Amino acid sequence: MKYYTKQQIVMQNRFFMQEGEHTPCIDFNLETMTFRIEGSSFVEFPSVIYSKAINWLEAFLKSPPISSLQLTLKLSYFNTKFRYVLFDIFTVLSQKQVKAIINWYITPDITDSKEDGEFFHECFPELEFHFIESHATR
């Protein structure tokens, strides 16, 4: 399956996965303290692709503590299986002693976008969600 071979760069200070045909760009950058996921995800086996990103995030949060981080989500589409990936990411963030701010971009023509964000906000009230209306996902 072609989308499993997209470029991933894993360094001590950064995890980067290039956007693919079926996968979003993931850029977790410690130097700039920006964490973002942009694009769409509709892969059949998301744990194969996203486990490295989640493991990197867990390892980062075990290192010297930081006071806060922001995760920007600009998702044009994601399937049900990617919801589990987001759930795992939010679980990792909620279990650490860090103030996590989630910037969830909402595209008006994607009807489930806001509902999905609100669902996660209800599941993880300790995370600070900001819903930002956008006409484009990029």
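Index from 1, following the sequence. Note that these values count all heavy atoms, side chains included, but never hydrogens, waters or copies made by symmetry. None of these values were measured; they are calculated from a predicted model.
Not a single side chain to side chain donor-acceptor pair (under 3.5 Å) links S51 to another residue, sequence neighbours left out. Shown here are the ring-ring contact (aromatic ring centres under 6.0 Å, His included) partners of F87, two or more places apart in sequence or in another chain: F124. Scored by the salt bridge (Lys or Arg N to Asp or Glu O under 4.0 Å) test, R36 finds D27, E38 as partners (sequence neighbours excluded). Qualifying side chain to side chain donor-acceptor pair (under 3.5 Å) partners for T80, counting only residues two or more places apart in sequence or in other chains: none. With sequence neighbours excluded, the residues that form a side chain to side chain donor-acceptor pair (under 3.5 Å) with N103 are Q70.
Residues L93 and L57 have side chains in contact (heavy-atom distance under 4.5 Å, counting atoms from C-beta outward). With contacts defined as side-chain heavy-atom distances shorter than 4.5 Å, the pair R83/F78 qualifies.
When every heavy atom of Y105 is checked against every heavy atom of S134, the shortest pair comes out as CD2-CB, 3.8 Å. Considering all non-hydrogen atoms of both residues, M33 and F60 come closest at CE-CZ, 4.3 Å. The heavy-atom pair separating H22 from V43 by the smallest distance is O-CG1, 3.5 Å.
Ring-plane geometry between F35 and W56 is classed as tilted, the angle between the planes lying from 30 to 60 degrees on a 0 to 90 degree scale. In this structure, F42 and Y77 have perpendicular ring planes: the angle between them is above 60°, well past the 30° mark. Between F90 and F120, the ring planes lie perpendicular to each other; the angle is over 60°, past the 30° to 60° tilted range. Ring geometry for F129 versus H121: interplanar angle over 60°, hence perpendicular rather than tilted (30 to 60°).
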Can you list the steps and then say if I26 with F16 is a side-chain contact (heavy atoms from CB on, under 4.5 Å)?
-> CA-CA 6 Å; I26 298 177; F16 178 80; over 6 Å; no
Given L30 and F15, is the side-chain contact (heavy atoms from CB on, under 4.5 Å) satisfied, shown in steps?
-> CA-CA 9 Å; L30 292 182; F15 177 91; over 6 Å; no
Given L75 and L86, is the side-chain contact (heavy atoms from CB on, under 4.5 Å) satisfied, shown in steps?
-> CA-CA 11 Å; L75 299 166; L86 290 174; 4.1 Å; yes
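Here E44 pairs with K81 in a salt bridge; the nearest charged N to carboxylate O distance falls below 4.0 Å.
Distance CD/E133 to OG/S113: 9.5 Å, rounded to 0.5 Å. Interatomic distance, SG of C123 versus CD of E118, reported as 12.0 Å (0.5 Å rounding). Note that CD of E19 and OG of S41 are 10.5 Å apart. Values are rounded to the nearest 0.5 Å. For the atom pair CZ (F131) and NZ (K114), the distance works out to 7.5 Å, reported to the nearest 0.5 Å. Distance check, rounded to the nearest 0.5 Å: SG of C25 to CE of M17 gives 8.0 Å.
Partner of I37 under the side chain to side chain contact (heavy atoms under 4.5 Å, CB included) criterion, out of L73, T72, V85: L73 alone.
A distance below 6.0 Å separates the ring centres of F82 and Y50.
Residue-environment remark: OH (Y84) stays at or below the threshold of 12 foreign heavy atoms within 6.0 Å.
A salt bridge (charged side-chain N to carboxylate O under 4.0 Å, His left out) check over residues 122-132, counting only residues at least two apart or in different chains, returns the pairs K99-E128.
Note on I101: it does not cluster hydrophobically with L61, by side-chain heavy-atom contacts below 4.5 Å among ILVMFWY residues.
Of the possible donor and acceptor atoms, none in the side chain of D112 sits under 3.5 Å from a partner among the backbone N and O of E115.
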